[in-house]
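Worksheet: the structure to be examined is printed underneath.
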Amino acid sequence: MTLTGSHTPKRACIRMRSSSATTSCCSGSRNVDLELTCTPTFVEAEPLTTPVIRYNGFGGKVDPGETPIEAARRELQEEAGIDAPLEHSGTLIFLTEGTEWAFHIDVFSARSYTGIPTETDEMRPEWFSLAENSVNGNDDRLGLTSPTTTTGGLPSIPYSRMWADDIYWLRHLVEGKKFAGRADFAKDGDTYVMKKFWFGLVC
């Protein structure tokens, strides 16, 4: 699918996730997470520099002097070549066993964007279906990730190739609901396993 110019979908969100952190979240340092979805499609990005390839969002750390939303706008432009009117959608805290600091991630969403989603050295944008069985993970659990007529000819969201927490909060973002959550990870060989977690809606 080729996208050009300005696009105003019925529903859109954008996700960015940092892949590293160097300071404690208690110091006020933050990362930003940005998700771009639109009915009936979903754009994600695959990082090209990590040893284990996972579908992940556009993301990075907040630079000194930046606010989280300023960082989100900058990262979206740098990694996808697009601009979007962002709104805060949620907050996530991730802890990793044996690490003294934590990831504090602010999640932003948008309902439109301008520009052409473009592959960069860090990200390759891809579209996925937002049909119910795609968003709730049923297709992925059944191995039905290929494009089908029920998903508008788009592949379903590949949760099995994403971080384990994504399936618990992504549906809230798609529905336009504000959320918060925490997940604790422990290293198991070359991968990270989610040991405990909670996710909920913010009133």
Side-chain angles (χ1 to χ4, degrees), residues 9 11-39 42-45 47 54-63 66-76 79 84-113 128 130 132 134-138 140-141 157-187 192-203:
R11 163 162 279 158
C13 318
I14 299 175
R15 168 172 175 221
M16 309 182 352
R17 170 173 291 168
S18 168
S19 59
S20 63
T22 57
T23 58
S24 167
C25 67
C26 298
S27 69
S29 175
R30 292 183 175 180
N31 300 312
V32 288
D33 202 49
L34 185 68
E35 230 24 80
L36 179 56
T37 65
C38 65
T39 304
F42 173 84
V43 66
E44 260 284 16
R54 293 182 189 272
Y55 281 91
N56 202 7
F58 316 107
K61 292 181 288 185
V62 179
D63 287 342
E66 277 188 321
T67 64
I69 195 168
E70 289 171 342
R73 292 177 182 138
R74 173 181 54 77
E75 292 286 355
L76 182 60
E79 297 190 349
L86 303 177
E87 298 177 357
H88 190 264
S89 295
T91 301
L92 301 172
I93 300 294
F94 296 137
L95 288 88
T96 304
E97 190 176 71
T99 303
E100 295 182 357
W101 41 258
F103 293 93
H104 176 157
I105 300 178
D106 287 304
V107 182
F108 295 90
S109 64
R111 298 294 178 259
S112 64
Y113 69 85
F128 297 95
L130 285 186
E132 183 177 355
S134 172
V135 175
N136 65 24
N138 285 343
D140 188 63
R141 281 188 287 271
I157 298 172
Y159 286 112
S160 58
R161 296 184 62 192
M162 296 165 65
W163 289 99
D165 62 280
D166 292 345
I167 196 169
Y168 296 101
W169 59 265
L170 186 56
R171 67 181 184 274
H172 299 319
L173 188 146
V174 170
E175 293 169 356
K177 299 175 181 177
K178 292 188 179 294
F179 59 89
R182 168 179 165 168
D184 293 19
F185 290 85
K187 193 162 187 180
Y192 286 91
V193 177
M194 187 168 65
K195 294 295 188 180
K196 57 183 178 179
F197 61 91
W198 62 263
F199 297 94
L201 298 178
V202 177
C203 299

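In this chain, numbering begins with 1 at the start of the sequence shown. Side-chain atoms are counted along with the backbone in the values below, which use heavy atoms only and exclude waters and symmetry mates.
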- Query: For the residue pair His88 and Phe108, does the interplanar ring angle fall in the parallel (under 30°), tilted (30 to 60°) or perpendicular (over 60°) class?
  - Reply: perpendicular
- Task: Would you give the length of the straight line joining atom CH2 of Trp169 to atom OG1 of Thr91, rounded to the nearest 0.5 angstrom?
- Result: 11.0 Å
- Task: Check whether any side-chain N or O of Ser134 sits under 3.5 Å from a backbone N or O of Ile157 as a donor-acceptor pair, and report yes or no.
- Result: yes
- Query: How long is the gap from CG on Leu95 to CD on Glu100, to the nearest 0.5 Å?
  - Reply: 12.0 Å
- Min side-chain heavy-atom separation Arg141-Ile167 under 4.5 Å: yes
- Distance col, row Phe197:CZ vs Phe185:CZ, nearest 0.5 angstrom, shows 10.0 Å
- Query: Taking all atoms of both residues into account, what is the closest heavy-atom pair of Ala71 and Glu66, and its distance?
  - Reply: CB-OE1, 3.4 Å
- Query: Can you say whether the rings of Trp163 and Tyr192 are parallel (under 30°), tilted (30 to 60°) or perpendicular (over 60°)?
  - Reply: tilted
- Message: I'd like to know if the side chain of Tyr159 reaches the main chain of Asn138, judged simply by a donor and an acceptor atom lying under 3.5 Å from each other, with no hydrogens or angles considered.
- Response: no
- Of all heavy-atom pairs linking Pro85 and Ser112, the shortest is CD-O, 3.3 Å
- Rounded distance (nearest 0.5 Å) linking atom CD1 of Ile105 with atom CG of Asp165: 8.0 Å
- Query: Between Phe199 and Gly181, what is the shortest heavy-atom contact and its length?
  - Reply: CD2-CA, 3.5 Å
- Message: With heavy-atom distances below 4.5 Å as the criterion, would you say the side chains of Leu92 and Phe103 are in contact?
- Response: no
- Taken to the nearest 0.5 Å, the spacing of His172 NE2 from Leu201 CG works out to 4.5 Å
- Specify the closest pair of heavy atoms between Ser160 and Asp140, including all atoms of both residues, with the distance to one decimal. N-OD2, 2.8 Å
- Note on the structure: Value for CG (Asp184) from CH2 (Trp198), rounded to nearest 0.5 Å, stands at 11.0 Å
- Query: Do other residues, nucleotides or ligands put more than 12 heavy atoms under 6.0 Å from Glu97 CD?
  - Reply: no
- Closest non-hydrogen atoms of Arg171 and Tyr168, given as atom of the first, atom of the second and distance, are NH1-O, 3.4 Å
- Does some side-chain heavy atom of Asp166 sit less than 4.5 Å from a side-chain heavy atom of Tyr55? no
- Query: For the residue pair Arg74 and Lys61, what are the closest heavy atoms and their distance?
  - Reply: NH2-O, 3.2 Å
